[in-house]
Amino acid sequence: MIIGQFTWRGWEIEADRIASPLAGEVIWLNRTGPTLTGMGVIRYGRLDLTVFAPDDDLAPLELRHAFDQFRAGVTR
């Protein structure tokens with residue numbers, strides 16, 4: 001289920017969520033464009049970046065912060 005989009009480092013990031021009793025909540029953060037490119041996955045509250053995400057030290061902190069701000073504005 002797509003829960004929305006937010007901007008991070010000038011890219012549009014789409015948050016795609018599933019929730020099940022077995023997996024819990026899993027959110028994929030995908031860069032939009034001609035094809036979706038996975039930037040990270042949030043599972044069990046932890047963000048794991050993919051190989052397609054920038055590899056600098058601030059990337060995980062900035063992406064998590066941008067997602068948390070986006071999520072705070074999303075009504076359920």
Side-chain angles (χ1 to χ4, degrees):
M1 174 175 93
I2 307 300
I3 57 176
Q5 292 185 343
F6 61 95
T7 302
W8 176 62
R9 293 191 175 188
W11 297 324
E12 284 300 311
I13 304 294
E14 178 181 271
D16 187 5
R17 172 186 180 266
I18 67 161
S20 73
L22 182 61
E25 181 181 64
V26 180
I27 300 172
W28 286 270
L29 302 177
N30 301 309
R31 181 179 172 186
T32 63
T35 59
L36 292 179
T37 303
M39 302 300 280
V41 176
I42 298 175
R43 186 179 303 129
Y44 300 116
R46 178 182 163 177
L47 170 65
D48 292 310
L49 296 182
T50 69
V51 296
F52 302 108
D55 63 357
D56 61 274
D57 292 341
L58 290 178
L61 298 172
E62 290 176 350
L63 182 56
R64 184 59 197 241
H65 179 71
F67 172 75
D68 288 344
Q69 285 187 313
F70 156 76
R71 189 71 186 260
V74 174
T75 58
R76 294 183 182 201

Count the heavy atoms belonging to other residues, nucleotides or ligands that lie under 6.0 Å from CG of D57, then report whether that count exceeds 12.
no

Closest heavy-atom contact between I3 and F70?
O-CZ, 3.6 Å

Do V41 and F6 belong to the same hydrophobic cluster, where Ile, Leu, Val, Met, Phe, Trp and Tyr are linked whenever their side-chain heavy atoms lie under 4.5 Å apart, directly or via other members?
no

Is it true that E25 and R71 have a side-chain N and a carboxylate O under 4.0 angstrom from each other?
yes

For L47 and L29, what are the C-alpha separation, side-chain angles and deciding distance, and is it a side-chain contact (heavy atoms from CB on, under 4.5 Å)?
CA-CA 10 Å; L47 170 65; L29 302 177; 4.2 Å; yes

Check for a donor-acceptor pair, side chain of S20 on one end and backbone N or O of A23 on the other, with a separation under 3.5 Å.
yes

Can you list the steps and then say if W28 with I13 is a side-chain contact (heavy atoms from CB on, under 4.5 Å)?
CA-CA 10 Å; W28 286 270; I13 304 294; over 6 Å; no

Parallel, tilted or perpendicular: rings of W11 and W8 (30°, 60°):
perpendicular

Taking everything shown except R43 itself, do over 12 heavy atoms lie less than 6.0 Å from its CZ?
no

At their closest point, which heavy atom of M39 faces which heavy atom of P54, and how far apart are they?
CE-CD, 3.8 Å

Under 3.5 Å donor-acceptor, T50 side chain and G38 backbone
yes

side-chain contact (heavy atoms from CB on, under 4.5 Å), that's the test. Do N30 and E12 meet it? Break it down for me.
CA-CA 8 Å; N30 301 309; E12 284 300 311; over 6 Å; no

Evaluate the side-chain proximity of L36 to E14: yes if any heavy-atom separation is below 4.5 Å, no if none is.
yes

Assess whether side-chain contact (heavy atoms from CB on, under 4.5 Å) is satisfied between L63 and L49, documenting all intermediate values.
CA-CA 9 Å; L63 182 56; L49 296 182; 3.7 Å; yes

Transitive ILVMFWY side-chain link I42 to M1, under 4.5 Å:
yes

